[in-house]
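See structure below.
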Amino acid sequence: MKKTAAFLLLPITLLCGCIATQSSIKDVHHQLNVFNEKLEQINENQASLSARMDTLSSDLMQNSESSKDANTRMSEISAKLDDLKSMTTSALEQKDSEAKIMLPTKLYSQSHAYLMQKEYERAVEGFSLYLEKYPDAEFTESAMYYLGDAYWGLKDWQKAAVNYAKVLTKHKDSRYTASARLKYAQSLLKMGDKSKEKEAVTYLKSIVQDFPNYPEANIAKGELEKLKTLP
């Protein structure tokens, strides 16, 4: 009886072992499936990462190309600026050269036009250049007188007086004598230097005496009257 019971227990034990084995196999299959899913996910993540790396590499290359383009453009702009500076310098040099070779008559006429237009600084520049380049030219006397007028327009009384004095000393029989004496005297007075007032009075009186019928004589008389009323 015990043998029969033992014999009957053997199939049950084997059956239980088979059932256990099948369960284990299922567990293994399940684990394999899970592993495969994770492996696929890892592969997908790796593929995505690889794609991102490719995109990043492409962006870096594009940025590098853009940087090269920017550097190239900056170089081109710098070169154009150099050309522009050179062209400007050449233009100024050419203008200066033209001024130096300008005919005396044209230079004088242009300077006189500047004076009439009250562009006194240009007039000073023109007449000064004329007197420097052509000291014995036909219009030297007039240029000297008008240079005084240009400085007068700039209210530079001292330089105006100097040029009127040059007319009086270098061109004693000048047609500008009466006017030059008057403006010389007025320039001295406008300086506001009391020590020069006596010299101014002397010139004003000489105008009244030497050129009684000239308009400058009446102006000189008016200046003398104003000086009498001063304290």
Side-chain angles (χ1 to χ4, degrees), residues 84-85 87-208 210-211 213-224 226-227:
L84 182 59
K85 288 179 182 177
M87 290 171 64
T88 303
T89 302
S90 297
L92 291 174
E93 289 176 350
Q94 182 178 0
K95 184 178 180 180
D96 184 59
S97 177
E98 289 176 355
K100 288 180 180 178
I101 64 174
M102 187 180 293
L103 294 175
T105 303
K106 184 177 180 181
L107 178 58
Y108 173 83
S109 298
Q110 187 181 72
S111 302
H112 189 266
Y114 286 143
L115 180 63
M116 295 298 100
Q117 294 164 10
K118 297 184 179 181
E119 296 185 38
Y120 300 121
E121 290 183 356
R122 288 188 173 185
V124 165
E125 183 180 354
F127 286 126
S128 297
L129 183 60
Y130 180 90
L131 293 170
E132 177 187 349
K133 294 294 181 182
Y134 314 107
D136 300 319
E138 181 180 359
F139 300 111
T140 300
E141 179 186 338
S142 296
M144 199 173 291
Y145 175 80
Y146 287 134
L147 180 56
D149 282 355
Y151 279 121
W152 179 283
L154 293 172
K155 301 184 187 306
D156 191 336
W157 312 120
Q158 184 172 358
K159 289 183 179 179
V162 167
N163 282 278
Y164 293 135
K166 286 181 180 179
V167 174
L168 298 174
T169 56
K170 294 185 177 182
H171 305 277
K172 295 182 179 181
D173 297 325
S174 171
R175 59 193 175 100
Y176 297 106
T177 298
S179 182
R181 284 188 190 180
L182 175 63
K183 288 185 177 180
Y184 176 70
Q186 289 176 321
S187 297
L188 294 179
L189 294 174
K190 287 180 179 294
M191 288 183 200
D193 187 347
K194 287 289 184 181
S195 64
K196 298 184 182 299
E197 189 174 301
K198 184 176 180 180
E199 183 182 2
V201 169
T202 299
Y203 274 92
L204 291 172
K205 287 182 177 180
S206 73
I207 297 168
V208 176
D210 297 340
F211 305 97
N213 298 322
Y214 279 53
E216 287 83 357
N218 291 328
I219 298 173
K221 289 177 183 179
E223 292 286 355
L224 290 169
K226 284 192 293 184
L227 287 173

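Side-chain atoms are counted along with the backbone in the values below, which use heavy atoms only and exclude waters and symmetry mates. All residue numbers refer to positions in the sequence shown, counting from 1.
Residues meeting the side-chain hydrogen bond (donor to acceptor under 3.5 Å, both in side chains) test with Ser179, sequence neighbours left out: Tyr145. In this view, Asp193 satisfies the salt bridge (Lys or Arg N to Asp or Glu O under 4.0 Å) rule with no residue, not counting sequence neighbours. With sequence neighbours excluded, the residues that form a side-chain contact (heavy atoms from CB on, under 4.5 Å) with Pro104 are Tyr130, Tyr134. Every residue two or more places apart in sequence or in another chain that forms a ring pair (Phe, Tyr, Trp, His ring centres under 6.0 Å) with Phe139 is listed here: Tyr108. Under the side-chain contact (heavy atoms from CB on, under 4.5 Å) criterion, Ala185 pairs with Ala200, Tyr203, Leu204, sequence neighbours left out. For Glu119, the salt bridge (Lys or Arg N to Asp or Glu O under 4.0 Å) criterion is met by Arg122, not counting sequence neighbours. Applying the side-chain contact (heavy atoms from CB on, under 4.5 Å) criterion to Ser111, with sequence neighbours excluded, gives Leu107, Phe127. Legend: residues meeting side-chain contact (heavy atoms from CB on, under 4.5 Å) with Ala165, ordered by chain and number and at least two apart, are Tyr184. In this view, Glu223 and Gln186 satisfy the side-chain hydrogen bond (donor to acceptor under 3.5 Å, both in side chains) rule, not counting sequence neighbours. Applying the ring pair (Phe, Tyr, Trp, His ring centres under 6.0 Å) rule to His112 yields the partners Tyr146; only residues at least two apart in sequence or on another chain are considered.
The two atoms that bring Ile207 and Ala178 nearest to each other are CD1-O, 3.9 Å, heavy atoms only. Scanning both residues, Ala220 and Val208, for their nearest heavy atoms gives CB-CG2, 4.0 Å. Between Leu227 and Leu189, the shortest heavy-atom distance links the atoms CD2-CD2, 4.0 Å. Closest approach of Met144 and Asn163 over heavy atoms only: O-CB, 3.8 Å.
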**OP:** Start with the C-alpha gap between Tyr151 and Ser187, add the side-chain angles, then the distance that decides, and say whether side-chain hydrogen bond (donor to acceptor under 3.5 Å, both in side chains) holds.
**Re:** CA-CA 10 Å; Tyr151 279 121; Ser187 297; over 6 Å; no

**OP:** Just do the side chain to side chain contact (heavy atoms under 4.5 Å, CB included) check on Ser206 and Phe211 with the steps written out, would you?
**Re:** CA-CA 8 Å; Ser206 73; Phe211 305 97; over 6 Å; no

Subject >> Residues Leu115, Tyr120; criterion side chain to side chain contact (heavy atoms under 4.5 Å, CB included); working and verdict >> reply: CA-CA 6 Å; Leu115 180 63; Tyr120 300 121; 3.9 Å; yes

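Salt bridge annotation for Lys194-Glu197: present, with a cationic side-chain nitrogen under 4.0 angstrom from a carboxylate oxygen.
Sorted by first and then second residue, the salt bridge (charged side-chain N to carboxylate O under 4.0 Å, His left out) pairs involving residues 177-192 (not counting sequence neighbours) are Asp149-Lys183, Arg181-Asp210. Legend: salt bridge (charged side-chain N to carboxylate O under 4.0 Å, His left out) pairs involving residues 136-148, not counting sequence neighbours: none detected.
Between the Ser128 side chain and the Glu125 main chain, no donor and acceptor come within less than 3.5 Å of each other. In terms of modelled atom types and a separation under 3.5 Å, the side chain of Thr177 and the main chain of Ser174 share a donor-acceptor contact.
With a 6.0 Å radius and a threshold of 12 heavy atoms from other residues, nucleotides or ligands, Tyr214 has its OH atom at or below the threshold.
Taking CG of Asp156 as the start and CD of Glu121 as the end, the distance is 11.0 Å to the nearest 0.5 Å.
Asp173 has its side chain out of reach of His171: every pair of non-hydrogen atoms, C-beta onward, lies at least 4.5 Å apart.
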